[in-house]
Amino acid sequence: MEINKINANTKMLGLIGNPVAHSLSPLLHGELSRSYQEQYAYLAFPVAQENLETAVKGAWALGAQGLNVTVPYKREVMNYLSAVEPKAELIGAVNTLVRMEAGYCGYNTDMPGLKKALKHDGICVAGANVVLIGAGGVANAALCMLLEEEAANILILNRTKEKAAKLAEHFMPHYPNAVIRVASLQEDYIALMDEISSERQWIAIQATSVGMHPQITETPIDAMEFYERITEGVDLIFNPEETRFLSLIRQSGHKGYNGLKMLLFQGIIAYELWTGHKVEEDVAEKILTVLQEELKSRA
Ligand code: NAP
């Protein structure tokens with residue numbers, strides 16, 4: 001049998017969202033199924049909001065093994081599933097649907113994907129001071145990961161302080177020993193950082209959309225006093241490869257990483273859920289290179 005040539009045994013995987021045209025997921029999953037010589041075809045489906053339920057139920061009826069879900073449906077899709085994994089329920093977002101007997105079970109692989117990406121980059125948040133910038137969809141997964149990993153102090157900075165407070169309040173009852181503070185990007189958060197920790201050593205996770213292509217000269221934080229306190233930083237954006245946020249971290253002499261590895265590992269974890277087998281490190285490395293090359297060719 002010729003591998004990856006579509007035939008009657010090919011199983012369907014896919015992505016639903018809107019828009020999906022620039023997604024790297026079809027490339028990522030195509031590479032994965034090629035690496036393991038498995039008969040999957042992964043397609044990107046732009047789905048209009050009024051068709052979301054039909055799309056999920058239709059995919060199941062057609063026998064699709066699994067789907068990824070991207071913006072703007074990560075929360076809404078939960079209404080159309082037969083089960084939701086408890087951590088995804090807590091995060092309030094599902095990005096992976098796994099086929100079950102009577103429908104799909106929803107998972108969140110962004111959270112463990114970020115955890116694996118940090119590990120890959122040698123960043124250890126356990127017992128550390130971590131500043132999380134942003135309080136939107138992906139910040140939920142990032143905060144859950146920080147709580148699971150038991151960061152010592154978490155400071156959420158967001159343009160809209162109320163959203164940061166709401167995010168913290170949502171998780172606090174589930175992690176009663178955690179220390180979470182919130183501030184707006186307009187107030188003196190540097191004084192607050194120094195009040196929380198006199199060591200002036202923080203890991204930063206940038207989870208806003210500021211600085212994403214094509215707004216590549218923007219950053220949520222300009223003050224160099226902030227970057228001087230950052231020992232390591234991750235920007236969850238991966239296009240451009242180096243955001244202004246990352247370049248400011250590097251200018252202050254520290255290490256910064258982009259969000260491509262989070263994308264890679266959330267995809268790998270989804271693939272492992274769909275196929276039931278483990279993706280080895282060398283395969284992950286090979287696919288990371290393919291994704292990096294693809295982004296370079298788009299720049
Ligand atoms: P979202 O739910 O729309 O949240 C956007 C966040 O950005 C909010 O915190 C928002 O603040 C903030 N923001 C937007 N414009 C701003 C501005 N002009 N100044 C300051 N803050 C601003 O988006 P999301 O789904 O969380 O995604 C955020 C980013 O993460 C995106 O760039 C996306 O590419 C990236 N991401 C990466 C991965 C990965 O695998 N690497 C996965 C998911 C997302 P307010 O609350 O004040 O509006």
Side-chain angles (χ1 to χ4, degrees), residues 15 17-20 22-25 27-29 68-77 88 91-96 107-118 120-121 123 131-145 155-168 170 182-187 189 204-223 226 233-246 256-271 284 287-288 291-292 294-295 298:
L15 169 71
N18 200 5
V20 293
H22 298 288
S23 171
L24 290 172
S25 292
L27 177 64
L28 194 169
H29 286 284
N68 281 136
V69 182
T70 188
V71 282
Y73 303 132
K74 287 185 182 183
R75 182 178 286 273
E76 193 187 338
V77 76
I91 295 168
V94 153
N95 75 326
T96 300
Y107 291 79
N108 184 300
T109 69
D110 284 332
M111 194 273 264
L114 175 58
K115 184 173 153 183
K116 277 194 124 177
L118 294 185
H120 188 282
D121 291 329
I123 299 177
V131 53
L132 173 64
I133 307 146
V138 77
N140 274 269
L143 179 59
C144 187
M145 184 276 300
L155 173 62
I156 308 174
L157 300 180
N158 197 44
R159 175 177 61 178
T160 316
K161 189 174 177 178
E162 296 72 39
K163 285 198 200 162
K166 217 173 145 197
L167 181 59
H170 171 71
V182 301
S184 83
L185 284 166
Q186 294 77 38
E187 66 190 88
Y189 50 83
I205 298 181
Q206 198 303 103
T208 77
S209 46
V210 183
M212 201 163 75
H213 183 81
Q215 273 83 42
I216 59 170
T217 57
E218 293 178 11
T219 171
I221 295 178
D222 270 312
F226 172 80
V234 181
D235 194 328
L236 301 189
I237 293 171
F238 50 80
N239 189 11
E241 191 175 6
E242 174 150 307
T243 56
R244 183 160 156 71
F245 180 83
L246 285 184
Y257 305 89
N258 71 22
L260 193 60
K261 273 171 237 140
M262 174 178 173
L263 178 88
L264 170 75
F265 287 118
Q266 64 75 31
I268 285 178
I269 296 164
Y271 191 81
I287 294 171
L288 179 61
L291 296 178
Q292 283 163 339
E294 171 65 18
L295 281 175
R298 290 183 187 182

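Each residue takes its place number in the sequence, starting with 1. Keep in mind that this is a model prediction, so the values were computed, not measured. Ligands are counted one by one from 1 in listed order, and the atoms in each one are counted from 1 as well.
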What short N/O contacts, under 3.5 Å, does ligand 1 make with the protein, listed by atom pair and distance?
{"residue": "ligand 1", "atom": "2 (O)", "partner": "Gly137", "partner atom": "N", "Å": "2.8"}
{"residue": "ligand 1", "atom": "7 (O)", "partner": "Ser209", "partner atom": "N", "Å": "3.3"}
{"residue": "ligand 1", "atom": "9 (O)", "partner": "Ala135", "partner atom": "N", "Å": "3.0"}
{"residue": "ligand 1", "atom": "9 (O)", "partner": "Asn158", "partner atom": "OD1", "Å": "2.8"}
{"residue": "ligand 1", "atom": "11 (O)", "partner": "Asn158", "partner atom": "OD1", "Å": "3.3"}
{"residue": "ligand 1", "atom": "18 (N)", "partner": "Arg159", "partner atom": "NH1", "Å": "3.4"}
{"residue": "ligand 1", "atom": "26 (O)", "partner": "Gly137", "partner atom": "N", "Å": "3.0"}
{"residue": "ligand 1", "atom": "26 (O)", "partner": "Val138", "partner atom": "N", "Å": "2.8"}
{"residue": "ligand 1", "atom": "40 (O)", "partner": "Leu263", "partner atom": "N", "Å": "3.4"}
{"residue": "ligand 1", "atom": "41 (N)", "partner": "Leu236", "partner atom": "O", "Å": "2.9"}
{"residue": "ligand 1", "atom": "41 (N)", "partner": "Gly259", "partner atom": "O", "Å": "2.9"}
{"residue": "ligand 1", "atom": "46 (O)", "partner": "Asn158", "partner atom": "ND2", "Å": "2.8"}
{"residue": "ligand 1", "atom": "46 (O)", "partner": "Lys163", "partner atom": "NZ", "Å": "3.3"}
{"residue": "ligand 1", "atom": "47 (O)", "partner": "Arg159", "partner atom": "NE", "Å": "3.1"}
{"residue": "ligand 1", "atom": "47 (O)", "partner": "Thr160", "partner atom": "N", "Å": "3.1"}
{"residue": "ligand 1", "atom": "47 (O)", "partner": "Thr160", "partner atom": "OG1", "Å": "2.4"}
{"residue": "ligand 1", "atom": "48 (O)", "partner": "Arg159", "partner atom": "NH2", "Å": "2.9"}
{"residue": "ligand 1", "atom": "48 (O)", "partner": "Lys163", "partner atom": "NZ", "Å": "3.3"}

By salt bridge (Lys or Arg N to Asp or Glu O under 4.0 Å) - contacts of Glu187 (at least two apart):
Lys161
Mind checking salt bridge (Lys or Arg N to Asp or Glu O under 4.0 Å) for Glu162 and listing every partner two or more places apart, or none if nothing turns up?
none
Could I get the full list of ring pair (Phe, Tyr, Trp, His ring centres under 6.0 Å) partners for Tyr107, not counting sequence neighbours?
none
Side chains of Ile133 and Phe245 in contact at under 4.5 Å (non-hydrogen atoms)
yes
Does a side-chain heavy-atom distance below 4.5 Å link Arg298 with His22?
yes
Taking Thr219 for its side chain and Asp222 for its backbone only, find out whether a donor-acceptor pair lies under 3.5 Å.
no
